K.L.:
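I'd like to ask some things about the structure below.
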Amino acid sequence: MAEQHKPLVTHLYTADPSAHVFEGKLYIYPSHDIDHDGPTNDNGDQYAMEDYHVLSMDSPDSPCVDHGLALHLKDVPWASQQMWAPDATYRKGTYYLFFPARDKEGIFRIGVATSESPAGPFAAQEQYIEGSFSIDPAVFIDEDERAYMYFGGLWGGQLEKWQTGEFRPDAPEKGPEEPAYGARVAELSEDLLSFRSAPQEIVITDEAGTPILAGDEDRRYFEGPWMHKYNGKYYLSYSTGTTHKIVYATSDKPCGPFVFQGTILNPVLGWTTHHSIVEFGGKWYLFYHDASLSGGVDHKRSVKFAELSYDEDGRIIPVVI
Ligand code: FUB
């Protein structure tokens, strides 16, 4: 039986959960963490994942089922290593799995794989999405059926190397007083297999409309974006990376600008923090991960969940672990 704040599964290490309701059930698309003897560093070499498994629960009170291998690196023609945080969506009879991996040149790109079932197995497209880069895709389909992909992550996720629109391995880092690096958003084509337009950089400001600065590590964007809509507002939530928080910002428009609001989840055990937010049966849930099951080994994480609430002004009440 699944329980709040307990690993959903203990036979695998799982991380970066993207939760959705498909066919009346909760489906969770996590990374599959693996053990290895490689280095641990700011480049994220410790996250050496090679495949995806899909998890599901009939409801938050039901047992969690592992549907087995959904996609393996060897079946992705363009990818070379590191299958990081995925997401999934559904349109017109097809389920889509979006995932980042390094291409043959070692540059992170974002690919798509499709299936007739939310549990997979998924078949990968021959090429990554043209114009895609960096990591952590999160796909949101709005009420008007327009589909958007939010993505991007600093450091190992290479986002700061794309400031000119081209990959520059030696790109200079921003100073602390410069506006922070923004997540990217791109509208997807009708068939969800390509970008309809070039990715734009998302701006997050404070209440006064001043962009959050690169040195403001408690509020600036680092990685792991998620989009959900609540009472007509767009909520962009993300990890602050170096300060290990899940925070959020809101807007009246899907591509922003967004105004910073506050913290959803304080640091968990382990360096990374990554989440998703989903409504099921009239309640809202936060899916997240920590490294408690492995005793704090950061590349061996476990996916958990907790109920999420809003106050009467639509502010998210921080989740207490
Ligand atoms: O799991 C690998 C990376 O760690 C993800 O892509 C990031 O969001 C962080 O959780």
Side-chain angles (χ1 to χ4, degrees), residues 7-8 12-19 28-36 38-53 55 71 73 79-88 97-103 106-111 128 132-139 149-162 181-184 220-227 236-248 264-265 267-277 286-294 296-304:
L8 284 189
L12 296 176
Y13 288 111
T14 55
D16 308 325
S18 291
I28 301 106
Y29 298 84
S31 302
H32 174 198
D33 281 355
I34 53 170
D35 217 352
H36 58 91
T40 290
N41 50 39
D42 287 349
N43 196 38
D45 290 345
Q46 60 274 34
Y47 309 114
M49 299 83 103
E50 294 176 348
D51 63 22
Y52 297 111
H53 283 226
L55 308 178
L71 180 67
L73 180 66
S80 64
Q81 57 172 324
Q82 292 181 299
M83 297 179 94
W84 284 10
D87 190 20
L97 182 74
F98 297 91
F99 59 96
R102 287 184 193 259
D103 68 12
I107 300 174
F108 267 109
R109 305 287 186 173
I110 296 171
Y128 55 77
S132 71
F133 55 90
S134 197
I135 59 167
D136 291 356
V139 170
M149 180 188 287
Y150 299 82
F151 63 95
L154 298 177
W155 295 14
Q158 304 175 334
L159 182 61
E160 64 275 41
K161 301 188 189 311
W162 285 93
Y181 298 101
R184 299 297 199 273
R220 66 96 173 79
Y221 179 81
F222 189 92
E223 64 183 1
W226 187 257
M227 172 57 60
L236 174 70
S237 41
Y238 55 93
S239 163
T240 60
T242 51
T243 49
H244 317 287
K245 294 178 185 179
I246 299 292
V247 298
Y248 75 105
I264 299 175
L265 185 68
V268 294
L269 182 63
W271 200 93
T272 65
T273 185
H274 192 117
H275 77 301
S276 61
I277 293 171
L286 175 78
F287 282 76
Y288 66 99
H289 71 223
D290 72 13
S292 56
L293 183 66
S294 66
V297 181
D298 188 48
H299 62 276
K300 295 198 308 191
R301 300 162 288 180
S302 299
V303 168
K304 302 179 171 185

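When a ligand or atom number is given, it counts from 1 through the structure's own listing order. Here the structure is a predicted model, which means the values were calculated and not measured.
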K.L.:
What residues, two or more places apart in sequence or in another chain, satisfy salt bridge (charged side-chain N to carboxylate O under 4.0 Å, His left out) together with R109?
P.N.:
D103

K.L.:
Tell me if the centroids of the rings in W155 and Y181 come within less than 6.0 Å of each other.
P.N.:
no

K.L.:
Run through all N or O atoms in ligand 1 and write down each protein N or O closer than 3.5 Å, as a pair with its distance.
P.N.:
residue  : atom   : partner : partner atom : Å
ligand 1 : 1 (O)  : D16     : OD2          : 2.5
ligand 1 : 1 (O)  : R301    : NH1          : 3.3
ligand 1 : 1 (O)  : R301    : NH2          : 2.8
ligand 1 : 4 (O)  : R301    : NH1          : 3.4
ligand 1 : 6 (O)  : D136    : OD1          : 2.5
ligand 1 : 8 (O)  : D136    : OD1          : 3.4
ligand 1 : 8 (O)  : D136    : OD2          : 2.7
ligand 1 : 8 (O)  : H274    : ND1          : 2.7
ligand 1 : 10 (O) : D16     : OD1          : 2.7
ligand 1 : 10 (O) : R301    : NH1          : 3.4

K.L.:
Do R301 and Y13 come close enough that some side-chain heavy atom pair is under 4.5 Å?
P.N.:
no

K.L.:
Tell me every residue that passes side-chain contact (heavy atoms from CB on, under 4.5 Å) with A183, counting only those two or more places apart in sequence or in another chain.
P.N.:
I202, Y221

K.L.:
Parallel, tilted or perpendicular for H244 and W271, by the 30°/60° rule?
P.N.:
perpendicular

K.L.:
With sequence neighbours excluded, tell me which residues meet side-chain contact (heavy atoms from CB on, under 4.5 Å) with N41.
P.N.:
P39, N43, D45, Q46

